[in-house]
Enquirer: 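If you scroll down you'll find the structure; I have some questions about it.
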Amino acid sequence: MDGPQRQKRRADFELNSDFISTMPAEIIENILVRLPIKEAVRTSILSSKWKSLWASISDLVFTEKISESELIRSVDNVLRLHQGSILIFELHSYELTCEETINRWLLFLSKNGLKDLRLSFNIYKDWKVPSSLFSCNKLEQLEISGFSACTISAPQCFQGLNLLRNLTLGNCHLVGITMEKFISGCPLLESLTLFEFVEHGCLAIRAPNLTHLDLLGITCTDLLLETPKLTHASIHFDHMPHDVLKFGSASDGSNRKLLRSIGALSNIEELDIGSKFFRYLASGPIPEKLPVTFYHLKEISIYLDGSGKRVDTALCIFRKAPNLNTLCLTVPRQSIWEEQRITSIFLERLEVVVILDFEETVSMLGFAKFILSAAPQLEKLVIDERDINNLDDGMGFRMKLASLPRLSSKAVIVFDRSFSY
């Protein structure tokens, strides 16, 4: 009995081995690039054909949680044995602290046709990005981030990264070049993310093909956006100078903060305005009207407080968004909806309203009453359940909300913890 079974197992093994050995090279590479690099190397035992194939894969991704010494040994071995071009190099490690090692890897990668470079690590001192980075003239995606700062000093001969489409910089600062000059050398740039970024002066972003912009924790003295194709923007000035409300004046003494930053984003679809950026927008004179109508704007998040100036700023934006579908906001103490300053234009297509936070129950009830009675297409009014549970009379507040009249027959009040609207 054992004889036939052993023969069958041997035949199955030989059949599988033959199948593995005869797989087309492009399918094998497709498999290898989807494996962690450590597992890709281990495939060399599968068959003689697979023995050295891992050494020619074009995508190298190191994301394993291993010690610094293990990581350095692993990357060094892979790069030493690698054959052919390296198109993607991705490294995420909070154990890596050796500046010289990273610089050595970048020098090697700059000579291998690199298109996608993503680095995230935890060097404790100010890492000076080596000039070899700027020799990667085929880069289409660049991401550099970490817990501590790094310095990017562009060489005098820097002419830009002409093929770059996606740029992410975190805890980085530029030396010898402004962000405006850096971006001007990236004419194809479509996505830009900056966090914990400092610009000593005006942060000017002139990018004709930019569609996605994330500015998180930005320090600057002014913001200028010339991005005609921008569709998605999230702007948070979380670390501003103490005199944040004083900057942004033009040379003639006028103040055009709203116009210079978001006033000309004619193709914007989603806009997230952080609290300190909103304070910045509201600190200057509010224009009678914006030069464009935000016909494409479907979703806006805004951190609104009771300041009359900031209310007027919000209304200036709302009035130019006739197709707004989703509104996320904080509800201020001031009952602005009881005043006759809110036009109903931006409410006509509103389907979802998300309350990010509210200061008091009276103003919250007033806002809910206004929205429910004025938005004919409303489907959801979403409130964080935790805010309600923290009230002394949470159940009574729920009952008051539930009893409010509604213009839309589809409108429901949703108490949610995740804001998965």
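Numbering starts at 1 and runs along the sequence shown.
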Enquirer: Does a side-chain N-to-carboxylate-O contact under 4.0 Å join R165 and E190?
Expert: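 Looking at E190 together with R165, the answer is yes, because their closest N to O distance falls below 4.0 Å.
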Enquirer: Residues in side-chain contact (heavy atoms from CB on, under 4.5 Å) with K298, at least two apart?
Expert: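 With neighbours one apart ignored, the set is N323, N325.
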Enquirer: Measure the shortest side-chain to side-chain distance between L347 and F370 over non-hydrogen atoms and say whether it is less than 4.5 angstrom.
Expert: yes
Enquirer: According to side-chain contact (heavy atoms from CB on, under 4.5 Å), who are the partners of A204, at least two apart in sequence or on a separate chain?
Expert: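 Partners of A204 under the side-chain contact (heavy atoms from CB on, under 4.5 Å) test: E180, C202, R206, L224.
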Enquirer: To the nearest 0.5 Å, what is the distance between CG on L167 and CD1 on I183?
Expert: 7.0 Å
Enquirer: Evaluate the side chain to side chain contact (heavy atoms under 4.5 Å, CB included) criterion for residues L87 and D116: first the C-alpha distance (whole Å), next the side-chain angles of each, then the deciding distance (0.1 Å), finally the verdict.
Expert: CA-CA 6 Å; L87 301 183; D116 187 337; over 6 Å; no
Enquirer: Quick one: CG on L79 to CG on L109, what's the gap to the nearest 0.5 Å?
Expert: 6.0 Å
Enquirer: Take L169 and T193 through the test side chain to side chain contact (heavy atoms under 4.5 Å, CB included) and record every step on the way to the result.
Expert: CA-CA 6 Å; L169 297 177; T193 298; over 6 Å; no
Enquirer: Quick one: are I355 and L329 in side-chain contact, heavy atoms under 4.5 Å?
Expert: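 I355 vs L329: side chains touch.
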Enquirer: Taking side-chain contact (heavy atoms from CB on, under 4.5 Å) as the definition, give me every residue that meets it alongside N166, ordered by chain and number, with sequence neighbours left out.
Expert: Q141, S191
Enquirer: Tell me whether S74 contacts the main-chain N or O of L71 through its side chain, where contact means a donor paired with an acceptor under 3.5 Å.
Expert: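 Absent.
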Enquirer: Side chains of E351 and T326: does their closest heavy-atom pair fall under 4.5 Å?
Expert: no
Enquirer: Determine the minimum heavy-atom distance between L391 and D387, stating which atoms define it.
Expert: CG-O, 3.5 Å
Enquirer: Between CG of L91 and OG of S120, what distance do you get to the nearest 0.5 Å?
Expert: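 Going from CG on L91 over to OG on S120, the span is 8.5 Å.
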Enquirer: Under the criterion side chain to side chain contact (heavy atoms under 4.5 Å, CB included), I'd like the reasoning laid out for I383 against L401: C-alpha separation, chi angles, the key distance, then a yes or no.
Expert: CA-CA 11 Å; I383 305 171; L401 286 171; 3.7 Å; yes
Enquirer: My understanding is that only residues two or more places apart in sequence, or in another chain, count here; which of them pass side chain to side chain donor-acceptor pair (under 3.5 Å) with K229?
Expert: N209
Enquirer: Run the salt-bridge test on E70 and K65 with the 4.0 Å N-O cut-off and return the result as yes or no.
Expert: no
Enquirer: Considering all heavy atoms of both residues, which atom of P322 and which atom of Y295 are nearest to each other, and what is their separation?
Expert: CG-CD2, 4.0 Å
Enquirer: Taking only residues two or more places apart in sequence or in another chain, which ones pass side chain to side chain donor-acceptor pair (under 3.5 Å) with S69?
Expert: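 Expected list: S67.
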Enquirer: For the residue pair F277 and H236, establish whether any side-chain heavy-atom pair is separated by less than 4.5 Å.
Expert: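 SC-SC contact between F277 and H236 ruled out.
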Enquirer: I need the I102 CD1 to C150 SG distance, nearest 0.5 Å.
Expert: 10.0 Å
Enquirer: Mind checking whether F415 and D384 have side chains closer than 4.5 Å, heavy atoms only?
Expert: no
Enquirer: Name all residues meeting the side chain to side chain donor-acceptor pair (under 3.5 Å) criterion together with E199; count only those two or more places apart in sequence or in a different chain, and write none if there are none.
Expert: none
Enquirer: Sub-3.5 Å donor-acceptor pair from the side chain of T178 to the main-chain atoms of K181, do we have one?
Expert: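 It does hold such a pair.
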Enquirer: Considering all heavy atoms of both residues, which atom of P228 and which atom of A207 are nearest to each other, and what is their separation?
Expert: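 Between these two residues, the closest heavy atoms are CD-O, 4.2 Å.
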Enquirer: Please list all pairs meeting salt bridge (charged side-chain N to carboxylate O under 4.0 Å, His left out) that have one or both residues in residues 168-178, counting only residues at least two apart or in different chains.
Expert: none
Enquirer: Under 4.5 Å between any side-chain heavy atoms of F358 and T330, yes or no?
Expert: no
Enquirer: Let me see the working for Y303 and D357 under side chain to side chain donor-acceptor pair (under 3.5 Å), right down to the final yes or no.
Expert: CA-CA 9 Å; Y303 291 80; D357 194 9; over 6 Å; no
Enquirer: Is the distance from the ring center of F62 to that of F89 below 6.0 Å?
Expert: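 Yes.
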Enquirer: Which residues satisfy the side-chain contact (heavy atoms from CB on, under 4.5 Å) test with L107, sequence neighbours excluded?
Expert: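 Partners of L107 by the side-chain contact (heavy atoms from CB on, under 4.5 Å) criterion, ordered by chain and then number, come out as S110, K111, S132.
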Enquirer: Could you tell me which residues satisfy side chain to side chain donor-acceptor pair (under 3.5 Å) with N267, sequence neighbours excluded, listed by chain and number?
Expert: none
Enquirer: Could you tell me whether the side chain of I72 reaches within less than 4.5 Å of the side chain of L96, counting heavy atoms only?
Expert: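 Contact flag for L96/I72 side chains = yes.
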Enquirer: Applying salt bridge (Lys or Arg N to Asp or Glu O under 4.0 Å) to E385 and R398, what does each step give before you reach the verdict?
Expert: CA-CA 10 Å; E385 186 177 33; R398 287 174 186 255; 3.4 Å; yes
Enquirer: Which salt bridge (charged side-chain N to carboxylate O under 4.0 Å, His left out) pairs, counting each pair once, include a residue from residues 399-413, with sequence neighbours left out?
Expert: E379-K410
Enquirer: Sort and list the pairs that fulfil ring pair (Phe, Tyr, Trp, His ring centres under 6.0 Å) and have at least one residue in residues 165-192, not counting sequence neighbours.
Expert: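 Output for this query lists F158-F182.
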Enquirer: Looking at every heavy atom in both S408 and A375, which two are closest together, and how far apart are they?
Expert: CB-O, 3.7 Å
Enquirer: Any luck finding a side-chain donor-acceptor pair between D272 and S234 under 3.5 Å?
Expert: yes
Enquirer: Do D222 and K257 meet the salt-bridge criterion of a basic N to acidic O distance under 4.0 Å?
Expert: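 Between D222 and K257 there is no salt bridge, as every charged N stays at least 4.0 Å from the carboxylate O atoms.
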Enquirer: For the residue pair S261 and L281, what are the closest heavy atoms and their distance?
Expert: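 Closest heavy-atom pair between S261 and L281: OG-CD2, 3.1 Å.
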Enquirer: So, taking the atom named SG in C98 and the one named CH2 in W105, what distance separates them when rounded to the nearest 0.5 Å?
Expert: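 That separation rounds to 8.0 Å.
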Enquirer: Treating Y280 as the side-chain partner and S275 as the backbone partner, does any N or O pair qualify as donor plus acceptor under 3.5 Å?
Expert: no
Enquirer: Going by heavy atoms in the side chains, are I273 and I235 under 4.5 Å from each other?
Expert: no
Enquirer: Any side-chain to backbone donor/acceptor pair from S373 onto L407? Under 3.5 Å, distance only.
Expert: no
Enquirer: Sort and list the pairs that fulfil ring pair (Phe, Tyr, Trp, His ring centres under 6.0 Å) and have at least one residue in residues 186-213, not counting sequence neighbours.
Expert: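 Output for this query lists H212-H232.
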Enquirer: For L117, which of L133, I144, I88 qualifies under side-chain contact (heavy atoms from CB on, under 4.5 Å)?
Expert: L133
Enquirer: Quick one: pull up CG in L139 and NZ in K115 and give me the separation to the nearest 0.5 Å.
Expert: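 Reported to 0.5 Å precision, the distance equals 11.0 Å.
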Enquirer: For a side chain to side chain contact (heavy atoms under 4.5 Å, CB included) check, start with the C-alpha distance between F397 and L365, then their side-chain angles and the critical distance, and finish with the verdict.
Expert: CA-CA 9 Å; F397 186 66; L365 282 172; 3.4 Å; yes
Enquirer: If you look at every heavy atom in K276 and F237, which pair is closest and at what distance?
Expert: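 Of all heavy-atom pairs spanning K276 and F237, the closest is CB-O, 2.7 Å.
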